[in-house]
There are 2 protein chains.
Amino acid sequence: MTNRRDLSGPDPDKMVSFEQACKAAGLKLTHQRLEIFRELAQAKDHPAAETLHKRLLERLPTLSLDTVYRTLASLEKHGVICRVDTMESQARFEAEIGQHHHLVCTRCKEISDFQWEAFDLSTLPDELRNWGQLKRRNVTLHGVCRKCLDSG
Amino acid sequence: MTNRRDLSGPDPDKMVSFEQACKAAGLKLTHQRLEIFRELAQAKDHPAAETLHKRLLERLPTLSLDTVYRTLASLEKHGVICRVDTMESQARFEAEIGQHHHLVCTRCKEISDFQWEAFDLSTLPDELRNWGQLKRRNVTLHGVCRKCLDSG
DNA sequence: CTAAATGCAAAATTTTTGCAGTCCC
DNA sequence: GGGACTGCAAAAATTTTGCATTTAG
C-alpha cells in the first residue's frame, strides 16, 4: 500500500503533533496508524476498537481488525491515546456498595479502596447542571503502588 | 444439591443483610448465590468472575462458571454488588490525553468529557501519602443523560 | 537494508445463551 | 407445584498471537 502522508483534515494541529509524538516514540508513521489516529481524534464517542475498525473500513477496505487492536495498544503504551477507565478486558467486582473510590496499580493491577469525604461533598462543575440525572460519582487514581516501586 | 443455609462466617452481618436484600429483590437464596456473595464479600481484591469461580471450586466443586456470571449480573442489577469502573466488556478509547473527566450514561452507554479544575487542584486524602507514585486522577460520574430521561 | 508494522488465519479469553433438570418458597 | 435457578454444552463476542510479506526510515 502506497503511503503518501496526509496530515491535513479537520484538525491539522492534532495530526502534526501526532506525527511528532510518533517520531519521539520511535513509531513509524504508517498509513494505517495515521488513519486510525485521525479517526479516533475526530470521534467524540470514545469508540471501541471494533467500532473504529468499521468506520475505517470505508476508507481503508483492507485494514484488519488486529491492526487496529495492535495500533491502539501501541499508541496507548506511548501515551498518545487513552483507554477509558477500563481495567483490562476483564470485569472486576466488589461487594462494597457504599460510597468509596479506587486506587489502581497499573503494574500489578491491584485495586484498593479509599474514602474521600471532602470530594463526596464537593460541588460539581456548573456545566453538568443540565446533563441529566446523576447517580454515582467516583474517583479513580492510577499509579504504581509501593510494592511494585520497591520490587522493580 | 442440598441447600442448608449458612449465614455465619467472618462477617455474619453482611450475610444477614444479603439475605434481606435478596428477599427484598425477590431473589431466591440458593446455596450457590450465598457462597458467591460470601466469597466476594470476603475478598479484598475486587476479583473477576473467573477468579471468584476458581476460589469457589474448592468448596463447591460442581459450581459452573456461567452461574457465577449470571449471579454477579443479577446481584449487580439489584444493587447488591458493584462492577468496578468498567464500562462493559469492551474497552473504549479516546485521543484526548489532557486532564479531563467522564460522564457515563448507564442507559445508552454514551461517554462524554468534562473539565473540573477545582478537583484537579484539590488535595488528596492523607491516607494516600504512602501508597506509591500517583500518575492520574480521574472522576467518573454515572447517571442517566437527558436524552434517555426524555425518551423513556 | 533492516527493524518494525501489516494482513491473514487461527487461537485464546471472556461472556452469553438454550435447554433439560433441580431447588427454593 | 411452579417459577426461578443451575449445570452443561455450545456459541458469541472480544482480544491476542504466529508467520509470511510489505513498508518506513
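Every chain is numbered from 1 and lettered A, B, ... according to where its sequence line falls, protein lines coming before strand lines.
Between the NE2 atom of B:His53 and the P atom of C:dT13 there is a distance of 16 Å, given to the nearest Å. Distance A:Leu34 CG to C:dA5 C1': 14 Å, rounded to the nearest Å. As rounded to whole Å, 12 Å separates atom C1' of C:dA5 from atom CG of A:Leu63. Residue B:Arg33 contributes atom CZ, which lies 19 Å from atom P of C:dT22 at whole-angstrom precision. At whole-Å resolution of the value, CG in A:Leu29 and C1' in D:dT22 are 17 Å apart. Nucleotide C:dC8 holds its C1' atom 17 Å from the CG atom of A:Leu60, rounded to whole Å. Taking atom CG on B:Leu65 and atom P on D:dA9, their separation rounds to 14 Å, with Å as the unit. Between the P atom of D:dT6 and the CG atom of B:Leu56 lies a distance of 12 Å, rounded to the nearest Å.
At C:dT6, one or more side-chain N or O atoms of A:Thr30 fall inside 4.0 Å of OP1 or OP2 (strictly under the cut-off). Within the structure, a side-chain polar atom (N or O) of B:Thr62 is placed less than 4.0 Å from OP1 or OP2 of D:dG7. Remark: B:Thr67 is not in phosphate contact with D:dC5, judged by side-chain N or O atoms under 4.0 Å from OP1 or OP2. Contact annotation: A:Tyr69 reaches the phosphate of D:dT15 (side-chain N/O to OP1 or OP2, under 4.0 Å).
The distance between the ring centers of B:His101 and B:Phe119 falls below 6.0 angstrom.
Note on ring orientation: taking the six-membered ring where Trp is involved, the planes of B:His100 and B:His102 are perpendicular (angle over 60°, cut-offs 30° and 60°).
Residues B:Thr71 and B:Ser74 bring no donor and acceptor atom of their side chains to less than 3.5 Å of each other.
In this structure the side chain of A:Ile81 reaches within 4.5 angstrom of the side chain of A:Leu72, judged on heavy atoms.
The residue among A:Ser64 and B:Leu27 whose nearest nucleotide of DNA chain C lies closer to the 5′ end is A:Ser64.
B:Ser74 comes within contact range of no nucleotide atom at all, as no heavy-atom separation falls under 4.0 Å.
When the nucleotides D:dC5, D:dT15, C:dG7 are ranked by their closest atom to the side chain of A:Gln32, C:dG7 comes out on top. Side-chain proximity of A:Arg70 to the nucleotides D:dG18, D:dG7, D:dC5 is greatest for D:dG18. Of the candidate nucleotides D:dG25, D:dG7, C:dT6, D:dG25 has the atom nearest to the side chain of A:Lys28.
Each salt bridge (Lys or Arg N to Asp or Glu O under 4.0 Å) pair with one or both residues in residues 138-149 of chain B, not counting sequence neighbours, appears once here: B:Glu110-B:Lys147, B:Arg146-B:Asp150.
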